[in-house]
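Labels below follow one simple rule: chain letters A, B, ... track the order of the sequence lines, proteins then strands, and each chain is numbered from 1.
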Amino acid sequence: MIGLCDCNNFFVSCERVFDPSLNGKPVLVLSGNDGCVIARSNETKALGIKMGTPVFKIKDIVEKYDIKLFSTNFPLYGDMSKRVMNTLKAYTPAIEVYSIDESFLDFSQFPLESLKGNGEKIAKIVRRNTGIPVSIGIAPSKTLAKIASKLCKQYPALKGACLLYKDKDIEKVLSRFPIEDVWGIGRRYSKMLKEYHVFTALDFFHCSPDWVEKRMSIVGLRTWKELHGISCISFEHTLPDKQTICVSRSFSRDVEDVDEIKAAVSKFTTTIAMKLRKQNSCAGQITIYIMTNRFREDKPQMFQSFPIKLEVPTNSTLELVKIAVSTIDKIYRKGYGYKKAGVIVSDLHSSNNIQLSLFDKLDRNKHSKLMRTLDGINARRGRDTVILASSDKKLSIKSEHISNRFTTSWDEIIDVKV
DNA sequence: TCTGGGGTCCTAGGACCC
DNA sequence: TCTGGGGTCCTAGGACCC
């Protein structure tokens, strides 16, 4: 049996931990530049506000219901996530961190009759230790566990834990579960399935496996089997290294100045190099892209992306930034307003086995020593204590409703009034 | 005026090998 | 009229996830 612990309305819950007056009130958390809705409280869900809605389109509702808005605060959410995961680790034999707000829990050694009670206990402890409410679904497969966790949110009487394993129960639940809400069935497939009158998870359950495989490949077949209680997506005890790493941002306005774009790309690449070193990888390829605002149909559009193969894979900030910034000169065109830029590294290798080149002039030992020192200082003194001069320029990104980094910055720690 | 960011996996087709 | 058989690797595109 496998558990899935999902944090309820996670980003909203993080904000509420540090401002309990938000409990019971409608709250939204917004994407970068305060653009779209990326998290909703139950109250705002009830108002019919959809995930991904641009905020300017719902200005009237926000005002009418006095909805509290928050800019995204990833340092806070990331740290709160760690706290939740650490608590889960302490009360289960193993966890697989699946996303910032979800973990699978290894319940394979627990007797069946103890599962419901254990789930409730764990949900209660997480709430007590971190302030974050969670829903724990327990079932024979990951897909069913996801469904079970959603049931917890519908039925508070379950006290945060739902065990789903009897055939009779599964069929009853699936018959009321919309096909588009099943893990693994996205927008495209649910549209296709509905054309064949498959509307609920149970309709899909009763499809023939051959039919499913023919139309949805073995990925769809896997979902079908998982709904039948056959576990096909195994529990991963160790996280594999990333195969690609990407850092990109939209700007709050259209940027024409090439130096501003270079500074942004320099910043993104600095972050990427840091992430590479963190997982002990070197990149064999780096791609830089810049694009105009696709929503401005009245303006000329431009999307340029330029991949560069590296002769020797690297994770040196100096080397990668130099390449990235010089690439901007190749792809930048005057007269366009750029709205977004990004950097992607791929073809990643372990730093321990790097194929060197006969013609390489770079002193790689020197670089890696310097990077170790830089990482050390920035770990102790804060992320941007030592940066490259080329990235020393403020990015134009809007976040008007941002809360404090209560748990990761001494300057922003919570005030307690006595 | 204002529209997010970061990932994975699978398949098909083309280029190439012997 | 007729044109082999068996592979690998790479990339682009499409699907999905949070």
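Heavy atoms of A/I100 sit nowhere under 4.0 angstrom from any nucleic acid atom. Across all strands shown, A/V247 has heavy atoms under 4.0 Å from sugar-phosphate atoms exclusively, and none from any base. If you check every strand for non-hydrogen atoms under 4.0 Å, A/D101 touches sugar and phosphate atoms only. A/K398 comes within 4.0 angstrom of no nucleic acid atom, judged by non-hydrogen atoms across all strands. Nucleic acid contact class of A/R253 (heavy atoms, under 4.0 Å, all strands): none. As judged by a 4.0 angstrom heavy-atom cut-off over every strand, A/K146 is placed among residues touching the sugar-phosphate backbone only. Contact annotation for A/V182: backbone-only contact, meaning every heavy-atom pair under 4.0 Å involves sugar-phosphate atoms and none involves a base.
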I would like to know whether A/F104 and A/Y98 meet ring pair (Phe, Tyr, Trp, His ring centres under 6.0 Å); could you show each step before the answer? CA-CA 7 Å; A/F104 290 106; A/Y98 175 68; 5.5 Å; yes
For DNA chain C, the dot-bracket notation using Watson-Crick and G-U wobble pairs below 3.5 Å, [ ] for pseudoknot-type crossings and | for other-strand pairs, is ....||||||||||||||
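Distance from the side chain of A/K339 is smallest to B/dC2 among B/dC2, C/dC17, C/dC16. Residue A/R188 has its side chain nearest to C/dC16 when only B/dG4, B/dC10, C/dC16 are considered. Among the nucleotides C/dC18, B/dG5, B/dG7, the one closest to the side chain of A/K242 is B/dG7. Comparing atom distances between the A/Q243 side chain and each of C/dC16, C/dC18, B/dT8 picks out B/dT8 as nearest. Residue A/Y189 places its side chain closer to C/dC16 than to any other of B/dG5, C/dC18, C/dC16. Closest to the side chain of A/V219, from the set B/dC10, B/dT3, C/dT11, is B/dC10. Of the candidates B/dG6, C/dC17, B/dC10, the closest approach to any side-chain atom of A/C246 belongs to B/dG6. Out of B/dT3, B/dC2, B/dG6, the shortest distance to the side chain of A/R249 is found at B/dG6. Picking from C/dT11, C/dC18, B/dC2 the nucleotide with the shortest atom distance to the side chain of A/W183 gives C/dC18.
Summarising the geometry, the separation between NZ on A/K142 and P on C/dC18 is reported as 12 Å, rounded to the nearest angstrom. Taking atom CZ of residue A/F10 and atom P of nucleotide C/dC18, one finds them 15 Å apart after rounding to whole Å. The CD-C1' distance, from A/E297 to B/dT3, rounds to 12 Å in whole Å. Distance CG (A/L348) to P (B/dT8): 9 Å, rounded to an integer number of Å. Look at NZ on A/K299: it is 12 Å from P on B/dT3, rounded to the nearest Å. If you measure from atom CD1 of A/I185 to atom P of C/dA15, you get 13 Å, rounded to the nearest angstrom. B/dG6 atom P lies 6 Å from atom NZ of A/K275, rounded to whole Å. Note: CE (A/M192) to P (C/dA15) measures 10 Å, nearest angstrom.
With the nearest nucleotide of DNA chain B identified for both A/G32 and A/T244, A/G32 has the one nearer the 5' end. Two residues, A/F11 and A/R222, neighbour DNA chain B, and the one matched to the more 5' nucleotide by heavy-atom proximity is A/F11.
OP1 or OP2 of C/dA15 has not a single side-chain nitrogen or oxygen of A/S217 nearer than 4.0 Å.
Screening A/F204, A/W224, A/Y196 for a ring-ring contact (aromatic ring centres under 6.0 Å, His included) with A/W211, the sole residue that qualifies is A/Y196. Considering A/K68, A/R16, A/K25 as possible partners of A/E43, the one that fulfils the salt bridge (charged side-chain N to carboxylate O under 4.0 Å, His left out) test is A/R16.
A salt bridge links A/D329 with A/K262: at least one charged nitrogen is closer than 4.0 Å to a carboxylate oxygen. Using a cutoff of 4.0 Å between basic side-chain nitrogens and carboxylate oxygens, A/E236 and A/K142 are not scored as salt-bridged. With respect to A/K116 and A/E120, a salt bridge is recorded, a charged nitrogen being found less than 4.0 Å from a carboxylate O.
Comparing C/dC18 with B/dT3, their P atoms sit 25 Å apart, to the nearest whole Å.
Put simply, OG on A/S250 and NZ on A/K340 are 5.0 Å apart, with the number rounded to the nearest 0.5 Å.
Using modelled atom types, no side-chain atom of A/D254 and backbone atom of A/T292 make a donor-acceptor pair closer than 3.5 Å. In terms of modelled atom types and a separation under 3.5 Å, the side chain of A/N86 and the main chain of A/R83 share no donor-acceptor contact.
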